[in-house]
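Because only heavy atoms are used, hydrogens play no part in the values below, and waters and symmetry mates are left out as well, while side chains stay in.
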Amino acid sequence: MSSSKSLPDPRRWKALIFICLAQLMVVLDGTIVNIALPSAQRDLDFSDGNRQWVVTAYALAFGGLLLLGGRIADKWGRKRSFLIGLAGFALASALGGAALNTGMLLGARALQGAFGALLAPAALSLLTVMFTEGKERAKAFGIYGAISGGGAAVGLLLGGVLTEYANWRWTLLVNIFIAAIAITGTLMEVREPAGTRNEDRLDLPGVLLASGGLAALVWAFSRAESDGWGSASTVGLFAAAAVLLTLFVVVQKRVKAPLLPMRVVLDRNRGGAYLSLGMAVVGMFGLFLFLTYYLQVVLDYSPVLSGAAFLPMVAGMMTGSTQIGARLMTRVAPRFLMGPGFLLASGALVILAQIKVDSSYASVLLPGLFLMGLGMGTAFMPAMSLATRGVKPHDAGVASAMVNTSQQIGGAIGTALLSTIATSATTSYATAHAHDATTAAAGRLLQLQAMVHGFSTAIWWAAGILALASATAFTLINTGHQDPHHHSGSPDEEPAPALAH
């Protein structure tokens, strides 16, 4: 192992382009398929129940296998895991794009999730071990944070364009081209620092318990949305998730080489970053869902126009990540970026909660979406950096996997919880105003008003959850700012690694 003064890889900034491209592909996939679902359903003739499984199959595999993917990256090499993840994701996308029936599409989506679980932690952990100097780390994480946050909105736009002007299959097939560019660039430019692998044996009991527990938790929230919170299947899955995850923690404390060393999550600042990030994603995922329906059903926007409507959020996200978060991260303590960032996003949701059947885009949606992006961008970047800062190099993969896990679980909770709140509020409003629907036109208007009332109620709840994320960041995170000349790591961390040639 070299001294801590080892020179950084001269190709690291070029490598960042291809790492971010791969991350964009994974994030895009979370929303790009959503807009294409109605077309795919007509084409393959599957039921509404199976339509949900197109999203759930991906989420279950991705959420359930993330910790394993992170540990594989630590053990067998991040660059190797990254390349296998890219190739597998492209292959699964090709399979989905060529799907002849529902089973083939669902299998391809599950396979995408599995390779995504290998790819996402490898991407973030490569960033973690390649950029260790404070100022450079701030810039790199600013760009990565903007891609991670804005990618979902870009997915809505790209999904709309491909569905409207090409075919729903292209929302999957487009990944082949993105992956091909990323693989070529990775082979040419990415060099993983040597001496950062974890040589410990793989913790198989931990793998089974974590994968089973996380998959059960994601599935439970999915069932809650469709079957209700009190149904036997929902309660059973939540109980199974609680048992499996409790056993997982017990096992992790006793085995010699745990899948998830408790030191990674029990660090006050890192744990605070995971928790507040997960809570923030609850609010953001719900917002995408409701505004997509609001734009297309209530305001009668086309899929392309609906996607374009989210662009101010992407602009805000890029500005917050690269111009505020990255510039201030080496001067300001993380809680003073994360706390106000999440609070600004909460305020933006308060603006968006004012939507009505006849709201104008310029007066409500435009300022709300831009401020939402600005707040999330400012907070996301220091949160992602803090969540992987100070970990020993051989734990970088599993720490990165925890970032993705907190976001994945947050997304599952957001979709299920806020959908339930919206549906309940819509039903209550429609029942209370049923006497006003004396004509067909009045009935149609009431239907739209009830739907918008439901969306607005759920967005108010999302604003509250984001305010709670802000309070969590202010309360739990107490570390100082990152020294611009300091190499990231904890006091007991090994010296900076040399490059593998």
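- Judged by distance alone, the side chain of Gln252 and the main-chain N or O of Leu260 form a donor-acceptor pair under 3.5 Å.
- For the residue pair Thr128 / Ser125, no side-chain donor-acceptor distance below 3.5 Å is found, with atom types taken as modelled.
- Between the Ser276 side chain and the Ala469 main chain, no donor and acceptor come within less than 3.5 Å of each other.
- Using a 4.0 Å cut-off between charged nitrogen and carboxylate oxygen, Asp29 and Arg109 count as a salt-bridge pair.
- Rounded to the nearest 0.5 angstrom, Ser321 OG and Tyr144 OH are separated by 12.0 Å.
- Remark: the backbone N or O of Met381 is not paired with any side-chain donor or acceptor of Ser385 at under 3.5 angstrom.
- Residues Ile143 and Ile17 form no side-chain contact, since every pair of their non-hydrogen atoms from C-beta on lies 4.5 Å or further apart.
- Checked by atom type and distance alone, the side chain of Tyr274 never pairs as donor or acceptor with a backbone atom of Met402 at under 3.5 Å.
- The minimum heavy-atom distance linking Ser211 with Leu65 is given by the pair OG-CD2, 3.9 Å.
- By the 4.5 Å heavy-atom criterion applied to side chains, Leu417 and Ile465 are counted as neighbours.
- Using a distance-only test at 3.5 Å, with no hydrogens or angles considered, no donor-acceptor pair links the side chain of Tyr58 to the main chain of Trp53.
- In this structure, Leu119 CG and Leu124 CG are separated by 11.5 Å, a value rounded to the nearest 0.5 Å.
- The shortest non-hydrogen separation linking His453 to Ala425 is CD2-O, 3.4 Å.
- With rounding to the nearest 0.5 angstrom, the CZ atom of Phe238 is 10.5 Å from the OG atom of Ser233.
- There is a side-chain donor-acceptor pair under 3.5 Å between Ser360 and Ser363.
- Residues Asp74 and Arg71 are paired through a salt bridge, judged by an N-O separation under 4.0 Å between the basic side chain and the carboxylate.
- If you check the side chains of Trp229 and Thr420, you find a donor sitting under 3.5 Å from an acceptor.
- Here Leu386 contributes atom CG and Met329 contributes atom CE; the two are 9.0 Å apart, rounded to the nearest 0.5 Å.
- Crowding of Met451 atom CE: a count of heavy atoms from other residues, nucleotides or ligands under 6.0 Å exceeding 12.
- Taking CE from Met25 and CZ from Phe89, the interatomic distance works out to 5.0 Å, rounded to the nearest 0.5 Å.
- Rounding to the nearest 0.5 Å gives a distance of 9.0 Å between CG of Leu277 and CE of Met284.
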**OP:** Would you please test Ile355 and Phe290 for side chain to side chain contact (heavy atoms under 4.5 Å, CB included) and show each step?
**Re:** CA-CA 11 Å; Ile355 54 170; Phe290 303 132; over 6 Å; no

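- A donor-acceptor pair under 3.5 Å is formed between the side chain of Gln354 and the backbone N or O of Val350.
- Summarising the geometry of Val190 relative to Lys79, their closest heavy-atom pair is O-NZ, 2.7 Å, with the distance given to 0.1 Å.
- Ion pairing of Lys256 with Asp203 is absent here, as no side-chain N (NZ or NE/NH1/NH2) approaches a carboxylate O to less than 4.0 Å.
- Distance alone, capped at 3.5 Å, is enough to place a donor-acceptor pair between the Asn269 side chain and the Asn478 backbone.
- Counting heavy atoms from C-beta outward, Thr378 and Leu344 have side chains that stay 4.5 Å or more apart.
- Side-chain atoms of Ser424 do not come within 3.5 Å of backbone N or O of Ile421 as any donor-acceptor pair.
- Checked for salt-bridge contact, Asp267 and Arg389 miss the test: no charged N lies under 4.0 Å from a carboxylate O.
- Note on ring orientation: taking the six-membered ring where Trp is involved, the planes of Phe455 and Tyr293 are tilted (angle from 30° to 60°).
- A donor-acceptor pair is defined here as one N or O able to donate and one able to accept, closer than 3.5 Å; such a pair exists between the side chain of Thr472 and the backbone of Leu468.
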